[in-house]
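What follows is a single structure, written as structure tokens, with notes after it.
Just so it is clear: chains get the letters A, B, ... in the order the sequence lines come, proteins before strands, and each one is counted from 1. Computed over heavy atoms, backbone and side chain alike; hydrogens, waters and symmetry mates excluded. Predicted model only: the values in this text are computed from it and were never measured.
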Amino acid sequence: MTKEIEKKWQKRWDDAKLFQSDPNEKEKLFITVAYPYPSGAMHIGHGRTYTVPDVYARYKRMQGYNVLFPMGWHVTGAPVIGIASRIRDKDPWTLELYEKVHKVPKEELPKLIDPEYIVKYFSTEYHNVMSDMGYSIDWRREFRTTDPSYKKFVEWQLKQLKAQDLVKKGNHPVKYCPGCGNPIGDHDLLEGEGATINELTLLKFEIDGKYLVPATFRPETIYGATNLWMNPDVSYIEVEKGGDIKEKEGMKEDKNIEKEGDMEGDREIWIISEKSYNNLSNQFKDLKKLGNINPKELIGRFVKNPVTNTLHPILPASFVDPEYGSGEVFSVPAHAPADYIALQDLKNNLKLLEEYNLGKIVSKIEALNVVTLKRYSEIPAKDVIEKLQVKSQEDPKLEEATNELYKVEHSKGIISEHIPDCAGERVVDARESIKEKMIGDDLAEVMYDFSAHPVICRCGTHGVVKIMDNQWFLKYSDEDWKVKTRECLAQENIIPPEIRSNFDYYIGWLEDWACSRRIGLGTKLPWDSQWLIEPLTDSTIYMAYYTIAKYIKTMDPDILDDEFFNKVFLSEINENDSLSDEVKQIKEEFDYWYPLDWRLSAKDLVGNHLSFHMFHHATIFPKNKWPQGMVVFGMGLLEGNKMSSSKGNVILLSQAIEDYGADVVRLFLMSSAEPWQDFDWREKEVIGTKRRLEWFSEFADKIKEIKGANININNIEEVPLEREIDKWMISQLNLRIKDATIALESFQTRKALQDSFFLLKKDIDHYMYRTKHLIETKDSAVIYALSTVLKTWIKILAPFTPHTCEELWNTHGGEGFVIEEQWPIFNEDLIDVKIEKSEEIIQNIVKDIKHINDLTKKDAEKVHVYTAPEWKWKVYELADEIGKPDIGQIIGKSIKTNLNDNKKELSEFAKKITREMTKTKYVGKVDEIAILNNAIEFISEESGAEIIIHEDNSYDPKNKSKHAIPYKPALYIE
RNA sequence: GCGGGGGUGCCCGAGCUGGUCAAAGGGGACAGGCUUAGGACCUGUUGACGCAGGUCUACCAGGGUUCGAAUCCCUGCUCCCGCACCA
């Protein structure tokens with residue numbers, strides 16, 4: 001039933017072309033949300049992301065804006081290539097994922113061996129589910145990022161950047177699988193997820209004209225080296241470096257290329273572990289394998305320290321990992337707990353000392369201090385080992401000791417006085433300068449390694465760090481560009497505001513970005529066709545493309561040259577231009593919609609997509625075309641756990657629509673959290689949402705029942721309202737409209753619904769409960785109030801639950817589409833705090849009577865009510881004017897204005913009011929007698945007692961009337 | 001480490017430009033009403049104490065500012081997120 005209704009309205013909107021937005025005389029609003037990368041089916045997390053802009057778009061249309069809400073598909077990139085090949089290889093994990101989680105039908109599955117088919121299949125899936133959700137998208141502008149005309153657009157953009165000298169050539173390390181011959185991301189890994197690439201410095205220790213090349217994070221500790229470690233049980237090899245220089249050609253082409261050590265060096269022979277060759281050969285491409293070396297022949301011999309020129313012995317150590325670095329370690333016992341303890345172990349290992357005849361050498365080794373630390377001795381490694389009671393090389397606490405010391409030295413360490421050149425410098429600074437100097441003097445090289453081993457590709461091969469060279473980069477490090485981008489940020493609205501400092505941070509932090517790739521779907525670099533444009537780079541200013549997509553999609557791509565895009569996007573129209581009518585129209589459309597008003601996107605894209613978006617707009621477009629606003633989204637949880645397709649912890653959006661209907665899904669997603677917060681899909685609460693929406697649908701029937709006739713919201717019979725409770729209902733309605741409107745203005749969908757749906761529903765419940773004794777009488781004021789509420793309510797909820805609202809609108813006499821109605825405008829005059837107060841007074845009296853009944857364990861038969869006399873109101877007003885609970889002032893002024901002859905009574909009450917005024921806000925005098933009389937039936941019914949309202953205290957046996965306070969009548973219960 | 005954001009009642013979560021906050025709303029639990037019955041709906045209870053509408057203790061911990069702090073300031077503890085070549 002629900003489904004039919006939803007389909008019906010979707011078709012009617014479509015037939016009426018409601019969401020096809022073209023330039024007109026109205027004020028425009030252009031909103032986009034990150035276009036999806038369709039490599040899988042849409043789940044409820046995506047549902048939230050795309051519902052928010054739809055709600056906002058619908059809301060703004062009702063406010064009279066001409067809203068453009070388009071959608072496209074970001075299909076460029078590498079992941080689908082991997083997915084396709086895994087499906088081709090019948091990888092069981094992938095097959096199960098696509099069959100069970102993404103629910104791809106059996107007959108479609110084999111077709112997913114084609115990456116193009118994958119994105120086609122899922123972008124169609126996305127399109128269909130978005131339609132089922134009722135999104136108000138202008139589908140005429142739909143496109144994929146592999147469309148020929150889009151490629152032309154991307155090419156134009158890159159050429160713009162190149163012309164502005166914002167593109168350069170360089171090298172970059174990536175995770176790489178030698179087996180597949182491709183770079184690999186985390187999602188391509190069997191093992192080693194989360195491993196990062198660390199930069200190490202490889203130092204050259206000379207022996208016989210060859211080099212041992214241990215790598216380190218801490219080149220400054222070279223001054224504290226005492227020996228080298230090699231693992232006698234590992235195979236080592238000799239490699240020739242720098243013999244072949246054919247790769248130097250690239251440098252001639254581009255003089256801007258940074259000086260790279262591995263290209264400069266002369267021919268050298270290095271000794272490294274056989275296992276590290278795999279990794280190093282991908283970073284130094286001029287590395288050539290020579291012969292094997294027996295480490296046992298080297299142990300006991302001496303190498304030369306590249307900086308101090310001292311000679312260090314080579315010693316055996318089992319802890320040396322042949323896969324890490326070069327499979328060699330230089331030992332700094334003063335500052336590395338592992339080295340310190342390994343040395344201790346060796347000193348005590350007489351057998352080993354004898355085997356290599358090392359006794360004399362080892363006994364002479366003394367730890368050398370490099371770094372001074374407060375509260376540590378000259379040999380901090382020893383301090384830490386003793387503190388944590390590390391027993392041996394094998395002790396697991398050794399790692400903890402190492403981490404602790406590395407951290408402290410990094411953050412607090414100062415280079416000791418006896419170290420030449422950098423004495424007194426902070427460790428962080430000295431580390432950089434020493435590294436730079438050594439590299440400059442050809443005494444060191446930069447190398448990369450994973451933070452954790454092993455890293456294994458899905459194909460089973462061990463991954464390596466490969467230097468991709470002759471890469472193209474966008475110069476996000478360029479200071480002028482950063483300045484412009486910050487300007488762009490400064491003029492944007494950022495929601496939530498806390499994110500602004502994040503953006504600022506990222507703009508500063510971003511360095512040059514590799515914008516070219518070897519594999520994936522995408523556009524070729526216009527000036528270097530061996531490279532594809534990286535998929536974040538091709539999606540920075542695509543919002544501009546939406547504005548003209550409906551025209552250029554069908555145009556011959558050859559026409560779409562630089563001149564065309566320059567005219568459309570960058571030129572000012574003037575009389576002399578000989579633009580064709582077509583180009584002119586396209587340009588006018590772009591100028592109408594741009595700048596973009598709102599860009600919505602997920603939180604994790606702040607550091608890349610969204611920042612790039614600002615970078616590119618800032619440099620390509622003039623200021624008046626810069627984006628105006630950004631809304632950043634939180635994540636989705638499922639029953640408290642993080643949603644993840646790859647772990648199977650998702651509910652597909654199509655499934656949710658099937659189970660609950662689009663409107664329930666929309667309502668839940670919009671009401672359970674604000675867009676930037678994480679929402680949690682809990683089935684129990686979804687069901688609760690469903691019930692409440694049903695209640696809303698049935699509300700009209702309830703009114704009909706009271707009225708005993710059909711309601712026609714187009715023709716509500718107006719009745720003047722006399723009773724407070726009826727005015728109260730209208731007051732609440734206006735209050736809820738007001739709060740919801742303000743909330744929606746800043747995308748607070750949750751607050752908007754909280755006010756306009758959940759709290760308003762409570763108000764209605766209350767009102768109907770409160771007027772239940774009137775309902776049988778077909779009270780015309782009640783019917784009027786409820787009908788008015790219904791009519792407004794349907795409108796307010798229309799952006800959230802559009803199908804339900806259209807249906808209700810349609811079946812209760814509404815004309816046309818409800819989403820074409822004017823958004824309700826609240827009437828400030830009808831929001832009356834005094835009315836609210838009077839209802840509070842009634843509720844409090846009922847509560848108090850019940851409370852007293854409970855305490856006295858008796859049921860009241862008669863309740864006498866006494867209201868506060870005039871002078872007490874005056875005192876309250878006076879206190880309110882003073883504004884703070886200053887008893888002296890309140891009493892003083894009260895006496896001065898002669899409010900009561902009985903000074904004692906006056907001061908007693910003044911004391912009371914100082915306490916009261918911090919609890920209850922003074923909103924002006926209300927006619928308590930009238931209020932009470934209007935509610936006397938209700939109070940009597942609720943309390944089960946006879947209510948007697950006294951205008952004076954002629955009957956007051958227990959002298960209770962003196963307790964009466966404004967807003968708080970005194971009670972005497974019999 | 002760098003950067004950002006948090007810690008609220010059984011749970012989730014609002015409030016946080018200081019007083020109307022014992023603290024919204026939802027979920028759960030309990031009681032009552034409606035009803036043949038109810039997981040549906042409505043009403044109420046859900047920190048402690050109190051035989052007259054009140055009092056006390058409370059918003060991570062400790063300190064401070066203030067007539068007054070969940071809300072402002074300092075200190076500590078603790079949790080979450082991002083840190084790149086990837087959408």
Side-chain angles (χ1 to χ4, degrees), chain A residues 34 36-37 39 74 76-80 172-175 183-188 196-197 406-407 410-411 428 468 471 473-474 496 498-502 504-506 508-517 534-537 539 602-609 634-635 637 640 671-674 676-678 680 682 684-685 687-689 691-692 694-695 698 750-751 753-755 758-759 762 765-766 768-769 772 837 840 844-845 847-858 860 883-887 914 916-923 942 958 960 963 967-968 970-973:
Chain A
Y37 182 77
S39 63
H74 187 214
T76 39
V80 287
H172 191 76
V174 294
K175 277 182 211 166
I184 41 177
D186 257 357
H187 42 275
D188 301 316
T196 55
I197 295 175
Y406 278 28
K407 208 182 273 183
H410 174 77
S411 56
V428 254
M468 301 290 280
Q471 268 267 34
F473 287 82
L474 295 180
E498 309 87 85
I499 299 289
R500 182 179 294 276
S501 59
N502 254 325
D504 195 56
Y505 174 78
Y506 278 114
W509 169 83
L510 274 164
E511 288 170 23
D512 296 341
W513 178 264
C515 65
S516 54
R517 289 290 174 280
E534 180 273 331
L536 295 186
T537 307
S539 54
K603 208 186 259 175
D604 49 336
L605 303 183
V606 170
N608 48 50
H609 257 122
M635 302 283 147
L637 303 176
S671 67
S672 63
E674 299 296 2
W676 43 91
Q677 297 171 326
D678 295 348
D680 192 358
R682 290 181 189 243
K684 275 216 163 113
E685 303 199 13
I687 292 170
T689 305
R691 278 190 214 122
R692 238 152 279 145
E694 282 163 1
W695 189 99
E698 289 156 12
R750 177 194 150 93
K751 184 167 191 327
L753 278 172
Q754 197 79 14
D755 291 318
F758 299 98
L759 294 180
K762 267 187 141 347
D765 281 340
H766 178 76
M768 299 217 293
Y769 186 73
K772 60 189 173 192
K837 203 61 149 187
E840 254 173 57
N844 284 338
I845 286 176
K847 212 158 91 186
D848 286 346
I849 296 171
K850 287 182 177 173
H851 192 182
I852 296 166
N853 282 347
D854 284 349
L855 288 176
T856 55
K857 303 199 169 72
K858 285 186 283 209
K884 55 181 179 183
D886 184 334
I887 299 180
T914 54
E916 194 60 25
M917 69 184 291
T918 63
K919 289 192 200 157
T920 314
K921 189 173 175 153
Y922 183 76
V923 297
E942 285 297 298
K958 285 274 164 70
K960 291 282 180 189
H963 293 302
Y967 308 133
K968 233 177 146 186
L971 303 177
Y972 169 56
I973 291 177

Is a side-chain donor-acceptor pair under 3.5 Å present for A/E534 with A/W513? yes

Salt bridge (charged side-chain N to carboxylate O under 4.0 Å, His left out) with A/D886: which residues, sequence neighbours excluded? none

Per nearest nucleotide of RNA chain B, the residue lying toward the 5' end, A/K684 or A/N502, is A/N502

Heavy atoms under 4.0 Å, any strand shown: does A/I499 hit a base, just sugar-phosphate, or nothing? nothing

Would you mind reading off the distance between A/Q754 atom CD and B/G15 atom C1', rounded to a whole angstrom? 12 Å

Rounded interatomic separation in angstrom, taking NZ from A/K921 and P from B/U20: 11 Å

Applying the 3.5 Å cut-off to both distances, the Watson-Crick or G-U partner of B/C83 turns out to be B/G1

Candidates B/C86, B/C42, B/G25 - which lies nearest the side chain of A/Y769: B/C42

Below 4.0 Å: OP1/OP2 of B/G27 and any side-chain N or O of A/R691: no

Which nucleotide, in any strand shown, forms a Watson-Crick or G-U wobble pair with B/U46, with both distances under 3.5 Å? B/G28

Output the rounded distance in Å from CE (A/M768) to P (B/C41). 13 Å

Across all chains, not counting sequence neighbours, the salt bridge (charged side-chain N to carboxylate O under 4.0 Å, His left out) partners of A/K850 are A/E942

A/Q471 has an atom CD; how far is it from atom C1' of B/C86, in whole Å? 13 Å

Have a look at A/R500 and say if it touches a base, only the backbone sugar-phosphate, or nothing, with a 4.0 Å heavy-atom cut-off. nothing

Name the nucleic acid region contacted by A/K751, choosing base, sugar-phosphate or nothing; use a 4.0 angstrom heavy-atom cut-off, strictly under. nothing

Sugar-phosphate, base or nothing in reach of A/A970, heavy atoms under 4.0 Å: base

Using atom CD of A/E942 as one end and atom C1' of B/G53 as the other, report the distance to the nearest whole Å. 17 Å

Within the sub-3.5 Å range, which N or O atoms of nucleotides 9-13 of chain B have a protein N or O partner, and how far apart are they?
unit_1 : atom_1 : unit_2 : atom_2 : d
B/G13  : O2'    : A/R750 : NH2    : 3.0

Base, sugar-phosphate, or nothing: which does A/K968 touch, judged by heavy atoms less than 4.0 Å apart? sugar-phosphate

Given that both distances must come in under 3.5 Å, which nucleotide forms a Watson-Crick or G-U wobble pair with B/A52? none

Is A/K847 near enough to B/G54 that one of its side-chain N or O atoms lies under 4.0 angstrom from OP1 or OP2? no

From the list B/A52, B/G19, B/A87, which nucleotide is the closest neighbour of the side chain of A/Y972? B/A52

In whole angstroms, the gap separating C1' of B/G6 from CE of A/M635 amounts to 16 Å

Atom pairs under 3.5 Å: protein N/O with N/O of nucleotides 48-51 of chain B:
unit_1 : atom_1 : unit_2 : atom_2 : d
B/G50  : N1     : A/H851 : NE2    : 3.4
B/C51  : O4'    : A/L855 : O      : 3.2

With both distances kept under 3.5 Å, what pairs with B/G39, Watson-Crick or G-U wobble? none

Measure the distance from CD1 on A/I845 to P on B/G53 and round it to the nearest whole Å. 16 Å

Salt bridge flag under 4.0 Å for residues A/K751 and A/D755: yes

Taking salt bridge (charged side-chain N to carboxylate O under 4.0 Å, His left out) as the test, write out the residues that go with A/R682, two or more places apart. A/D680

Between A/H172 and A/S501, which has a closest nucleotide on RNA chain B that is more 5'? A/S501

Separation of B/A14 atom P from A/D755 atom CG, nearest Å, is 14 Å

Hey, what are the protein-to-nucleotides 81-84 of chain B N/O distances that come in under 3.5 Å?
unit_1 : atom_1 : unit_2 : atom_2 : d
B/G82  : O2'    : A/Y506 : OH     : 2.7
B/A84  : N1     : A/E511 : N      : 3.4

